[in-house]
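Have a look at the structure below, then the notes.
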Amino acid sequence: MGKGYVVAVVGSGGKTTLIEYLSNQSKSLGKKAAVMTTTHMRLPQMYDGVGKSVEEAISIMKQEGIVYYGNFSEEREKMTFPGNQPYEELCQNADMVFVEADGSRMLPMKVPNWPREPVIPIHTDAIIVVLGLTALGRPLKETCQRWELGREWISKDLGSADHAQQDDIETLPVTKEIAVEFLIRGYLKPLRSQFPHRPLITLLNQADSLKRREAGKQMKEMLEQKGWECRVTRLKTIKISVIYLASGFGNRFGRNKLLEPFEGKRLFEHGLELFFRLKRELEAEEGILADVIVVSQYPEILEAGHKMGMETVVNPDAAEGISASIRLGTMAAPEDTDYYLYSVADQPWLKEETIKAFLNRFLTCALSGQASIGCLSFQGKGGNPAIFHQKYGEELRSLKGDKGGSQIMKRYPGEVLKYQAEEKELKDIDCREDLPRR
């Protein structure tokens, strides 16, 4: 029976992104690609054949070059396996078939529960095992689905004997050695046993910082020394638009407070320089792309941002309140922005290390589906900066009044991560009495 080449993708830390990349590559080469799942997969934004007949799916694939096909699960709001007969029909009509054959709850690591999972489909020609390098250095429980199934693998030869005997093993940071051992015992050996003649490749994803790239190269060497084929890659780069809100009138202060001298600088320059440094460090250390957009009604502030290479936006509607600045900054952000981070210009005690720790914690939760909004807080009370997933873009561009993003947070309280900061960091300069006495 003639059929397309079937690639099953298992593991965690970028399966769906990998399949999207591979199917687009196939299309660019003039090949017809079908994307399916034997478990559950998020609904596609393009090439959507979910819930349609197999004949319709084949038609979409022939016209568009790609089709995502399966049944629709109302309970999970995801696509599921279409059944053996539709699956085989698509295999016969496609050049390439990519199957997401495992679930991972959006965590970067997983220990599969054999023999229930992964679910490798019939006609599979090759298998790719994915692992996300963002797991390294983070607690096992937070990063690895079903980590407890691999408890016995954390042994003396991994340098974790002391931890392995304690009840708090779940807090053990994931090391390169642990990740490699979990890959080999959890996936590679069982898959090689069941599919001895199929190509089997490990893909270490999320190598989007110098530190993770180096760790990935070391893990690749460890795996290849044991006879396993491996690649290190970065499939998707996170993009953050930092929107610096500097349009306030300073009514309670009596004049434009943002231009007031404060500890050797003008007040607004403290935050502006902080985010300039943060942008460079995020790109160099974490591989996160960051744009800084300065929104202000004041020429002095716009000029300072321009000289630092930031995008600047004139705010003619400052009298409306902070929502006008948020709207303008959000509209100026690139279309492919993943997250919008908003910060006001009158919090001079804000620390760079606090923002970096906050972003690290938020992105960890966001990538695992635990949060899509975040803010700094003190004793449970939210403050600035605040960050929003791009799915809130339309609501952010429609804000009115002087309450800003808190309006959206109140609509989705279950989506909000509050990160504890020092009280002083959240303090803003509202009136002259807030300035330190000389």
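Each residue takes its place number in the sequence, starting with 1. Side chains are part of it too, since the values below use all heavy atoms of this structure and drop only hydrogens, waters and symmetry mates.
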*Could you go step by step and tell me if E142 and R361 meet the salt bridge (Lys or Arg N to Asp or Glu O under 4.0 Å) rule?*
CA-CA 11 Å; E142 291 183 10; R361 177 61 180 160; 3.6 Å; yes
*Check the pair V6, F98 against side chain to side chain contact (heavy atoms under 4.5 Å, CB included), reporting the backbone distance first and the verdict last.*
CA-CA 6 Å; V6 179; F98 301 103; over 6 Å; no
*Just do the side chain to side chain contact (heavy atoms under 4.5 Å, CB included) check on M219 and L131 with the steps written out, would you?*
CA-CA 11 Å; M219 289 171 61; L131 181 137; 4.2 Å; yes
*Derivation and outcome, side-chain hydrogen bond (donor to acceptor under 3.5 Å, both in side chains), residues Y342 and T330*: CA-CA 9 Å; Y342 303 90; T330 308; 2.6 Å; yes
_Between V295 and Y244, is the side chain to side chain contact (heavy atoms under 4.5 Å, CB included) condition met? List the steps._
CA-CA 6 Å; V295 184; Y244 194 60; over 6 Å; no
*asked:* Go through it in stages, so that I can follow the logic: the residues are S247 and S325, the test is side-chain hydrogen bond (donor to acceptor under 3.5 Å, both in side chains), and I'd like the CA-CA distance, side-chain angles, deciding distance and then a yes or no.
replied: CA-CA 7 Å; S247 295; S325 293; 3.3 Å; yes
*When you look at Y187 and W228, which way does the ring pair (Phe, Tyr, Trp, His ring centres under 6.0 Å) test go after all the steps?*
CA-CA 11 Å; Y187 281 102; W228 304 105; over 10 Å; no
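Exactly one residue among F388, Y339, Y419 makes a ring-ring contact (aromatic ring centres under 6.0 Å, His included) with F362. That residue is Y339. The side-chain contact (heavy atoms from CB on, under 4.5 Å) test with T38 is passed by exactly one of V10, V99, I120, I122: V99.
The two residues G216 and V232 have their closest heavy-atom pair at O-CG2, 3.4 Å. Across every non-hydrogen atom of H40 and E100, the tightest pair is O-OE2, 3.5 Å. Shortest non-hydrogen contact noted between G405 and L399 is N-CD1, 4.1 Å.
I355 CD1 to L341 CG: the interatomic distance, rounded to the nearest 0.5 Å, is 7.0 Å. Residue L18 holds its CG atom at 5.0 Å from CD1 of I128, rounded to the nearest 0.5 Å. Distance check, rounded to the nearest 0.5 Å: CD of Q145 to CG of D102 gives 8.0 Å. In this structure, CD1 in I238 is found 8.0 Å from CD in Q206, a value given to the nearest 0.5 Å. In this structure, L359 CG and I387 CD1 are separated by 5.0 Å, a value rounded to the nearest 0.5 Å. Atom CD in E273 sits 8.0 Å away from atom NE2 in H270 (nearest 0.5 Å).
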Can I get a per-line list of side-chain donor-acceptor pairs under 3.5 Å for residues 372-379, giving both atom names and the distance, sequence neighbours left out?
from, atom 1, to, atom 2, distance (Å)
S372, OG, Y392, OH, 2.6
S372, OG, E415, OE1, 2.5

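When side chains are defined from C-beta on, K3 counts as touching H123, because their heavy atoms get closer than 4.5 Å. M310 places a side-chain heavy atom less than 4.5 Å from the side chain of L272. Counting heavy atoms from C-beta outward, S398 and E394 have side chains that approach closer than 4.5 Å. Residues S12 and L107 are not in side-chain contact: their nearest non-hydrogen atoms beyond the backbone lie 4.5 Å or more apart. No side-chain heavy atom of T202 sits less than 4.5 Å from a side-chain heavy atom of V130. Contact of the S26 side chain with the L29 side chain is not registered, since no non-hydrogen atoms from C-beta on lie closer than 4.5 Å. Between T171 and K141, every side-chain heavy-atom pair lies at or beyond the 4.5 Å cut-off. T134 places none of its side-chain heavy atoms less than 4.5 Å from the side chain of N205.
Counted by atom type alone, T80 and S73 present zero donor-acceptor pairs between their side chains at under 3.5 Å. When only modelled atom types and interatomic distance are considered, E422 and T354 share no side-chain donor-acceptor pair under 3.5 Å. Side-chain contact, Y69 with D48: no donor N or O sits under 3.5 Å from an acceptor N or O. Side chain to side chain, K27 and Y47 meet the donor-acceptor criterion of an N or O pair below 3.5 Å. Remark: the E56 side chain and the S53 side chain contain an N/O donor-acceptor pair separated by less than 3.5 Å.
Within 6.0 Å of NZ in K265 there are more than 12 heavy atoms belonging to other residues, nucleotides or ligands. E77 CD: 12 or fewer foreign heavy atoms inside a 6.0 Å radius. In this structure, K356 places its NZ atom where more than 12 heavy-atom neighbours from other residues, nucleotides or ligands lie under 6.0 Å away. Residue-environment remark: NZ (K31) stays at or below the threshold of 12 foreign heavy atoms within 6.0 Å.
Looking at Q407, its side chain does come within 3.5 Å of a backbone N or O of G404 through a donor-acceptor pair. At least one donor-acceptor pair under 3.5 Å links the side chain of S28 to the backbone N or O of Q25. Judged by distance alone, the side chain of R146 and the main-chain N or O of N113 form no donor-acceptor pair under 3.5 Å.
For E229, the side-chain contact (heavy atoms from CB on, under 4.5 Å) criterion is met by I201, R231, not counting sequence neighbours.
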